[in-house]
Participant: 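Here it is, the structure, as structure tokens.
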Amino acid sequence: MRFTQRNSLPSETAQWGAQIDLRNLPEHVAIIMDGNGRWARSRGMPRLFGHQKGVEALKKAIAFALEVGIPYLSAWAFSTANWKRPEAEVKGLMNILRRTLNKDLVEFHERGICLKVVGSRLNLPSDLLAMIEHAEQLTAPNTKLTLLINFNYDGRTDIIEATKALARKVQAGILAPEQITEEMLTAHTMTAGIPDPDLLIRTSGVVRLSNYMMWQCTFTEFVFLEKNWPDFQKQDFCNSIQKFQNCGRNFGQISA
Ligand code: IPE
Ligand code: IPE
Ligand code: MG
């Protein structure tokens with residue numbers, strides 16, 4: 001959804017329109033939701049409490065995306081490296097996804113959100129897989145916002161799986177190695193059909209990619225925020241977009 005006439009906008013949208021240019025929004029924003037554990041520990045609480053609060057912060061980010069009209073929002077909820085955490089924390093993170101797919105699904109659907117869970121399906125519990133499938137099928141026709149939850153995801157695995165798919169086509173004799181293009185590999189990644197992120201936000205003061213969308217973030221603008229994810233507010237999202245709009249993207253060319 002693109003807004004051109006400010007005076008016909010809903011009030012919350014118009015409010016953001018006073019701070020950012022609603023005609024020059026990132027099409028796809030990706031978020032590394034980091035710092036839940038530190039947020040909880042600094043309050044003398046268990047790490048899982050931080051993860052639960054993190055869901056509320058994600059809902060604020062989703063609400064903001066809907067208010068301003070960002071078409072694609074990715075949020076990294078569980079990396080393949082996170083399996084190395086204590087079993088109780090891993091279980092807790094699986095349960096948080098279960099709860100979200102259960103409790104929040106109707107609301108997501110009513111708000112026009114198309115939900116996709118992006119990541120490897122290997123090693124995920126079968127009941128969770130069924131819930132993911134149900135959620136994706138139910139919300140597939142929705143067009144207001146595509147919400148991509150990266151779960152059991154990492155960027156290198158994404159590239160490796162795409163490479164395997166291409167290798168199988170070469171092996172089958174339907175593709176020559178010389179014919180492989182950037183677009184072809186993109187079409188075999190887990191984000192096939194989704195535009196590359198224009199803006200990536202990572203919270204908690206950590207300045208690294210940690211194997212997130214390695215292939216997709218080639219020309220992405222990075223914004224690193226000091227605060228931990230549970231403290232993330234709509235205004236932080238707005239400020240990040242302001243930075244994005246002032247950054248001057250060149251894609252290898254020279255500025256006008
Ligand atoms: C991010 O918060 C959420 C996940 C990785 C699941 P962390 O759990 O990494 O929190 P910190 O970085 O330890 O504070
Ligand atoms: C990245 O955060 C993964 C998610 C936010 C889900 P981590 O906390 O796992 O990353 P590192 O270990 O600090 O690089
Ligand atoms: Mg972390």
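Computed from heavy atoms alone, side chains included, the values below leave out hydrogens, waters and symmetry copies.
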Participant: Mind checking salt bridge (Lys or Arg N to Asp or Glu O under 4.0 Å) for Asp104 and listing every partner two or more places apart, or none if nothing turns up?
Facilitator: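 With sequence neighbours excluded, Asp104 shows a salt bridge (Lys or Arg N to Asp or Glu O under 4.0 Å) to Lys59, given in chain and number order.
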Participant: Determine, using the 4.5 Å side-chain heavy-atom cutoff (strictly less than), whether Phe224 and Phe232 are members of one ILVMFWY cluster.
Facilitator: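 Phe224 and Phe232: separate clusters.
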Participant: Could you check whether any side-chain heavy atom of Met94 comes within less than 4.5 Å of a side-chain heavy atom of Pro125, counting everything from C-beta outward?
Facilitator: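 SC-SC contact between Met94 and Pro125 confirmed.
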Participant: Can you tell me how far apart CE (Met190) and OG1 (Thr157) are? Round to the nearest 0.5 Å.
Facilitator: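 Output value for this atom pair is 6.5 Å.
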Participant: Supply the members, apart from Val55, of the Ile/Leu/Val/Met/Phe/Trp/Tyr cluster built from side-chain contacts under 4.5 Å; use none for a lone residue.
Facilitator: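 The other cluster members (ILVMFWY side chains, heavy atoms under 4.5 Å, direct or chained) are Leu48, Ile96.
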Participant: Mind checking what makes salt bridge (Lys or Arg N to Asp or Glu O under 4.0 Å) contact with Arg85, not counting sequence neighbours?
Facilitator: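 Per chain and number, Arg85 pairs via salt bridge (Lys or Arg N to Asp or Glu O under 4.0 Å) with Glu89.
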Participant: Mind checking side-chain hydrogen bond (donor to acceptor under 3.5 Å, both in side chains) for Thr100 and listing every partner two or more places apart, or none if nothing turns up?
Facilitator: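 Thr100 satisfies side-chain hydrogen bond (donor to acceptor under 3.5 Å, both in side chains) with no residue once adjacent residues are dropped.
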Participant: Yes or no on side chain to side chain contact (heavy atoms under 4.5 Å, CB included) for Phe222 and Leu209, after CA distance, side-chain angles and deciding distance?
Facilitator: CA-CA 10 Å; Phe222 290 8; Leu209 206 46; 4.0 Å; yes
Participant: Contact between Leu25 and Ile20 at the side-chain level, heavy atoms closer than 4.5 Å - yes or no?
Facilitator: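 Sidechains of Ile20 and Leu25: in contact.
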Participant: Please tabulate, for side-chain N and O atoms in residues 213-220, each donor-acceptor pair with protein atoms closer than 3.5 Å (sequence neighbours left out).
Facilitator:
residue	atom	partner	partner atom	Å
Trp215	NE1	Thr186	OG1	3.0
Gln216	NE2	Asp158	OD2	3.0
Gln216	NE2	Thr191	OG1	2.8
Thr218	OG1	Trp215	O	3.0
Thr220	OG1	Pro197	O	2.7

Participant: Report the distance from atom CG of Leu22 to atom CG of Leu9, rounding to the nearest 0.5 Å.
Facilitator: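 Nearest 0.5 Å value for the CG-CG distance: 6.5 Å.
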Participant: Strictly by salt bridge (charged side-chain N to carboxylate O under 4.0 Å, His left out), give each pair with a member in residues 189-202 just once, sequence neighbours left out.
Facilitator: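 Matches after skipping sequence neighbours: Asp34-Arg202, Asp198-Arg249.
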Participant: Please collect all ring pair (Phe, Tyr, Trp, His ring centres under 6.0 Å) contacts where either partner lies in residues 106-152, sequence neighbours excluded, each pair once.
Facilitator: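 Every ring pair (Phe, Tyr, Trp, His ring centres under 6.0 Å) pair that includes a residue of residues 106-152, provided the two are not neighbours, is Phe78-Phe151.
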Participant: In this structure, would Trp16 and Val29 fall into the same cluster of hydrophobic residues linked by side-chain contacts under 4.5 Å?
Facilitator: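 Result: yes, single cluster for both.
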Participant: Taking side-chain hydrogen bond (donor to acceptor under 3.5 Å, both in side chains) as the test, write out the residues that go with Gln235, two or more places apart.
Facilitator: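 By the side-chain hydrogen bond (donor to acceptor under 3.5 Å, both in side chains) rule, Gln235 matches Gln19, Asn239.
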Participant: Apart from Trp39 itself, what residues make up its hydrophobic cluster when side-chain heavy atoms of I, L, V, M, F, W and Y under 4.5 Å apart count as a link, directly or indirectly?
Facilitator: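 The other cluster members (ILVMFWY side chains, heavy atoms under 4.5 Å, direct or chained) are Met45, Phe49.
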Participant: Is there side-chain contact between Leu73 and Phe237, with at least one heavy-atom pair below 4.5 Å?
Facilitator: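 Yes, close enough: below the 4.5 Å cut-off.
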Participant: May I have the step-by-step check of side chain to side chain contact (heavy atoms under 4.5 Å, CB included) for Arg111 and Asn142, ending in yes or no?
Facilitator: CA-CA 9 Å; Arg111 292 171 88 181; Asn142 296 339; over 6 Å; no
Participant: Calculate, to the nearest 0.5 Å, the distance between atoms CD1 and CD1 belonging to Ile201 and Ile31 respectively.
Facilitator: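 Between Ile201 CD1 and Ile31 CD1, I get 5.0 Å after rounding to 0.5 Å.
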Participant: Through direct or indirect side-chain contacts below 4.5 angstrom among Ile, Leu, Val, Met, Phe, Trp and Tyr, which residues connect to Ile160?
Facilitator: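 Via sub-4.5 Å side-chain contacts, Ile160 links to none.
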Participant: Is there a path from Ile194 to Leu145 through hydrophobic residues (I, L, V, M, F, W, Y) whose side chains come within less than 4.5 Å of each other?
Facilitator: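 Different hydrophobic clusters.
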Participant: For the pair Arg121 and Glu136, find out whether any cationic side-chain nitrogen is under 4.0 Å from an anionic carboxylate oxygen.
Facilitator: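 The answer is yes: the pair qualifies as a salt bridge.
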Participant: Please check if any side-chain donor atom of Asn102 sits under 3.5 Å from a side-chain acceptor atom of Arg99, or the reverse.
Facilitator: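 Arg99 and Asn102 do not have a side-chain donor-acceptor pair below 3.5 Å.
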Participant: Taking side-chain hydrogen bond (donor to acceptor under 3.5 Å, both in side chains) as the cut-off, I'd like each qualifying pair that reaches into residues 167-177, sequence neighbours left out, listed once.
Facilitator: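 Listed by first then second residue: Lys169-His188.
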Participant: Could I get the full list of salt bridge (Lys or Arg N to Asp or Glu O under 4.0 Å) partners for Lys116, not counting sequence neighbours?
Facilitator: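 Salt bridge (Lys or Arg N to Asp or Glu O under 4.0 Å) list for Lys116, sorted by chain: empty.
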Participant: Applying a strict under-4.5 Å side-chain criterion to I, L, V, M, F, W and Y, I'd like to know whether Trp76 and Ile70 cluster together.
Facilitator: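 Different clusters.
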Participant: Quick one: pull up CG in Leu66 and CD1 in Ile113 and give me the separation to the nearest 0.5 Å.
Facilitator: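 The CD1 atom of Ile113 is 5.0 Å from CG of Leu66, to the nearest 0.5 Å.
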Participant: Assess whether side-chain hydrogen bond (donor to acceptor under 3.5 Å, both in side chains) is satisfied between Asp154 and Tyr212, documenting all intermediate values.
Facilitator: CA-CA 5 Å; Asp154 78 75; Tyr212 196 30; over 6 Å; no
Participant: What I'd like to find out is whether the side chain of Ile180 reaches to under 4.5 Å of the side chain of Leu175, using heavy atoms alone.
Facilitator: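 Yes, close enough: below the 4.5 Å cut-off.
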